[in-house]
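Read the numbers this way: they start at 1 and go in the same order the structure lists the ligands and their atoms. Model, not experiment: these values are computed from the prediction.
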Amino acid sequence: MSIYKSIKFRLTVWYLIAIVLPLVAFGAVAYFMLSKNLYRNLDLALQVRVAELQNSITVQDHQISFEQKFNDLVLVYDADSVLLQRLGPNVRFSIIEKMVQQALFGQSSFLTTPTTEGQDVRLYAAPFNLDSRTRIAIIVGRLTSEIQDMLSIFRVIIIYSALAVVLLAGVGGMFLANRTLQPVDHITDIAREIGEGDLSRRINIQSEDELGRLASTLNRMIARLEEAFQKQRQFAADASHELRTPLAIIQAESSLALDKKRTQVEYRRSLDLVSQEVTYMSEIIGKLLLLARHDAGSEPLNFQEVNVRDLFTELSSDVEALAQEKGVAFNFGPMENLMVKGDRFRLRQLFLNILDNAIRYTPSGGTVSSSLVRKNGSAFVSISDTGIGIPTEDLPFIFDRFYRVDKARSRTDGGMGLGLAIAGSIAKLHGGNIEVESQVGKGSTFHIILPLLESPTG
Ligand code: ADP
């Protein structure tokens with residue numbers, strides 16, 4: 001990444017701009033004020049000097065004399081603009097002619113101009129009445145070199161301190177930006193390692209600032225990814241295992257049948273077994289395909305208004321037969337008249353999977369009961385059994401694909417460990433979910449919660 005595109009560089013530049021701009025403005029204002037003050041003081045000094053001169057002027061035998069002081073420039077012109085006196089550096093008359101005229105007309109004025117030697121001088125011209133008929137013009141001037149020297153020293157100080165501040169601010173800004181963004185580098189490194197396949201890594205940033213929050217959000221995301229990958233791996237392993245068993249049976253049975261000549265009854269028995277295993281496999285594959293279509297959102301669902309009570313009544317004949325066969329009593333609790341929006345066929349499959357489990361995992365003499373009520377704006381279908389129950393530690397996993405609490409027993413019972421995964425996935429497709437409460441040895445209750453469409457009266 002080019003340095004110019006990095007946040008560190010941009011932060012430093014902005015930081016510098018934020019410091020340099022006010023600094024330059026402050027320097028310019030200070031310089032301007034200082035310069036203005038120095039020149040104003042000079043003008044005041046010139047005015048004072050003129051006043052002193054006026055007080056000390058004497059005329060004797062048409063000769064003007066006055067108190068002399070320093071190396072000030074002094075020019076005295078008579079009413080005809082003829083130079084009467086000159087002290088100090090000289091200036092060209094053509095330049096000051098206008099101010100001399102103005103002074104003779106009674107108006108004072110200032111002017112900055114170069115002397116004949118090329119140095120700048122500030123001039124002040126003022127009228128002076130020698131008597132009621134004679135007016136002369138007095139011009140005093142002082143070189144501005146002192147002010148210019150002072151201003152140039154001030155300029156140097158300002159420029160050097162600005163450069164020092166810029167340098168310090170640049171280094172400090174870079175240091176601060178580096179320090180602040182260090183966790184980002186750490187996050188990038190971890191993300192790279194995770195990208196290379198190590199999902200067990202976590203970002204170790206404990207701060208409570210924005211970066212700390214980002215780190216904990218990313219950590220949660222990585223944990224979810226890790227869990228998803230882990231589940232996927234487990235699923236692939238379980239699926240292969242699940243399909244390998246019937247395949248091994250088919251292979252063994254067919255090898256045995258082909259081994260030597262068999263009787264028709266023996267061939268029939270072998271083919272029966274092969275067909276049974278093939279049916280089992282195709283059932284697993286069918287269910288897996290269904291789940292894959294749910295995951296991909298490609299399962300065509302025929303959403304319509306479904307009366308859950310009617311759907312349950314329809315199901316009950318099948319379920320009652322199943323329960324009777326197993327010696328389990330099947331009861332209906334309260335059944336409210338509730339409507340949901342859903343795919344009738346899939347909802348039927350959802351309820352059947354849960355009811356089928358309830359009967360399967362309830363020993364003979366037990367009871368399975370169901371109810372349908374409205375709760376918090378949802379249809380609440382509860383299916384309870386007095387069966388074997390589910391251990392608390394297994395509860396979080398029972399909706400996982402191929403998960404069985406008792407692995408050995410379920411295969412012989414015909415359970416594939418996919419029924420609840422499909423039920424959960426159908427509930428999710430309908431915007432609902434399934435909750436479970438269970439106690440080992442006492443029984444389980446599954447609550448299927450579906451968003452209500454409306455509650456028809458009657
Ligand atoms: P299976 O086809 O094995 O029944 P499911 O996905 O339907 O698979 O259920 C997963 C596991 O949850 C079952 O193997 C069983 O151990 C447990 N289970 C589900 N329903 C019940 C229930 N009503 N009572 C006890 N255990 C249950």
Step through the shown structure and confirm whether more than 12 heavy atoms of other residues, nucleotides or ligands are within 6.0 Å of [atom1] on [X].
| X | atom1 | value |
| --- | --- | --- |
| Q251 | CD | no |
| E325 | CD | no |
| Y267 | OH | yes |

Hey, which atoms in ligand 1 end up nearer than 4.0 Å to a heavy atom of [X]?
| X | result |
| --- | --- |
| L418 | 6 (O), 8 (O) |
| R360 | 1 (P), 2 (O), 4 (O) |
| A358 | 23 (N) |
| R404 | 3 (O), 14 (O) |
| G419 | 5 (P), 6 (O), 7 (O) |
| I398 | 10 (C), 12 (O) |
| I390 | 18 (N), 21 (C), 25 (C), 26 (N), 27 (C) |

Taking 4.0 Å as the limit for heavy-atom contacts, which would you say applies to [X] with ligand 1: side chain only, backbone only, both, or neither?
| X | answer |
| --- | --- |
| M416 | backbone |
| V405 | both |
| D385 | side chain |
| Y403 | backbone |

N/O separation below 3.5 Å, [X] to ligand 1:
| X | value |
| --- | --- |
| A421 | no |
| L420 | yes |
| D406 | no |
| G417 | yes |

> Between I390 and V405, is a side-chain contact (heavy atoms from CB on, under 4.5 Å) present by the stated rule, with each step listed?
Replying inline: CA-CA 7 Å; I390 304 164; V405 174; 3.9 Å; yes
>> Salt bridge check, E208 against R213: does any charged N sit closer than 4.0 Å to a carboxylate O?
In response: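 Looking at R213 and E208, the cut-off is not met.
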> Checking side-chain contact (heavy atoms from CB on, under 4.5 Å) for the pair T362/I388: CA distance, chi angles, key distance, verdict?
Replying inline: CA-CA 6 Å; T362 301; I388 58 171; over 6 Å; no
>> For residues 299-339, which residue pairs pass the ring-ring contact (aromatic ring centres under 6.0 Å, His included) check, not counting sequence neighbours?
In response: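 Non-adjacent pairs meeting ring-ring contact (aromatic ring centres under 6.0 Å, His included): F303-H430, F312-F351, F330-F332.
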>> Please list all pairs meeting ring-ring contact (aromatic ring centres under 6.0 Å, His included) that have one or both residues in residues 218-263, counting only residues at least two apart or in different chains.
In response: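 Pairs touching residues 218-263 that pass the test: F235-F402.
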>> Quick check on F446 - does any of its heavy atoms sit under 4.0 Å from an atom of ligand 1?
In response: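 Judged by the 4.0 Å heavy-atom criterion, F446 does count as contacting ligand 1.
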>> Assess, by modelled atom type and distance only, whether the side chains of S298 and R293 contain a donor and an acceptor separated by less than 3.5 Å.
In response: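 Looking only at side-chain atoms, R293 and S298 do not form any donor-acceptor pair under 3.5 Å.
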> Cut-off 3.5 Å, side chains only: do Q182 and N178 have a donor facing an acceptor?
Replying inline: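 Short answer, no.
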